Amino acid sequence: MRLRTRYALVALIALAMTACGSGKVKRVSEPAASIQQLTVDSEGNWAVQLRLRNYSSMPMRFDSVALAVKVGEESAGTLNASPAVSIGPESADVVSVRMQPSSSARIVVADALAGGRTLFYELEGTVSATPEERKQRSFEVKSRNSLNQAPGLPGVLR
């Protein structure tokens, strides 16, 4: 009989502890940024499709982006944007940013396009975002990735 009482007591305590939980845990994680597509116009300027990823368990509004871009070994300039876009939990969205790259970066991209080669790039800077019901935060972002020429689309790297 005592054994049954002990099992019942343990089960009751476990049930009470799970009932006291506060529900879903809201976690704020650092966002990420990457270039989804880079299109070179006839004047050598870039239209960048910047992919913003929200790894948090709650929606976040992305207020501003300031990312230094490096292609190959050349500094291209800074991607500055104020997207003011809300991205759901563990989701991503794409924002368009125009950029006038440095002349050395234009040459690196033109060479990659002409030769059909992979273009390696780096992004480094800050992304300011506001988690749901919280204050705006600034997150440091640093990423390295690559783009390849999009088949049938001249001047486009993905």
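The analysis underlying the following values was restricted to heavy atoms, covering all of them including side chains, and did not include hydrogens, waters or symmetry mates. Everything quoted here is computed from the prediction, not taken from an experiment. Positions are given from 1 along the sequence.
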* I would like to know whether V40 and W46 meet side chain to side chain contact (heavy atoms under 4.5 Å, CB included); could you show each step before the answer? => CA-CA 5 Å; V40 180; W46 299 349; 3.9 Å; yes
* Asked: How would you list all residue pairs meeting salt bridge (charged side-chain N to carboxylate O under 4.0 Å, His left out) that involve residues 55-65, not counting sequence neighbours?
  ->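 Non-adjacent pairs meeting salt bridge (charged side-chain N to carboxylate O under 4.0 Å, His left out): R61-D63.
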* **All pairs passing salt bridge (charged side-chain N to carboxylate O under 4.0 Å, His left out) where residues 108-119 contributes a residue, at least two apart** =>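 Passing the test, one end in residues 108-119: D111-R117.
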Transitive ILVMFWY side-chain link [X] to [Y], under 4.5 Å:
X	Y	result
I107	L157	no
I35	F120	no
L38	L113	yes
V94	I87	no
V85	V28	yes

So which heavy atom on [X] is nearest to which on [Y], and how close?
X	Y	result
P131	M58	CB-SD, 3.8 Å
V141	L67	CB-CD2, 4.1 Å
L50	A33	CD1-CB, 4.3 Å

Are any of the side-chain heavy atoms of [X] and [Y] separated by less than 4.5 Å?
X	Y	result
V48	V69	no
S56	P89	no
L52	P83	yes
V65	V97	no

Spatial distance of atom [atom1] ([X]) from atom [atom2] ([Y]) [nearest 0.5 Å]:
X	Y	atom1	atom2	result
K135	T130	NZ	OG1	11.5 Å
E132	M60	CD	CE	11.0 Å
S29	R53	OG	CZ	14.0 Å

* Partners of R51 by salt bridge (Lys or Arg N to Asp or Glu O under 4.0 Å), sequence neighbours excluded? ->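 Here no residue qualifies.
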* Can you name the residues that form a side-chain contact (heavy atoms from CB on, under 4.5 Å) with P31, not counting sequence neighbours? -> F62, V127, F139
* Asked: Could you give all pairs that pass the side chain to side chain donor-acceptor pair (under 3.5 Å) test and reach residues 88-110, with sequence neighbours left out?
  ->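 Found R27-E90, D41-R98, N45-R106, Q49-S96, E74-S104, S102-S104.
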* Structure fact -> Contacts satisfying side chain to side chain donor-acceptor pair (under 3.5 Å) that involve residues 137-152 (not counting sequence neighbours) are T118-N148
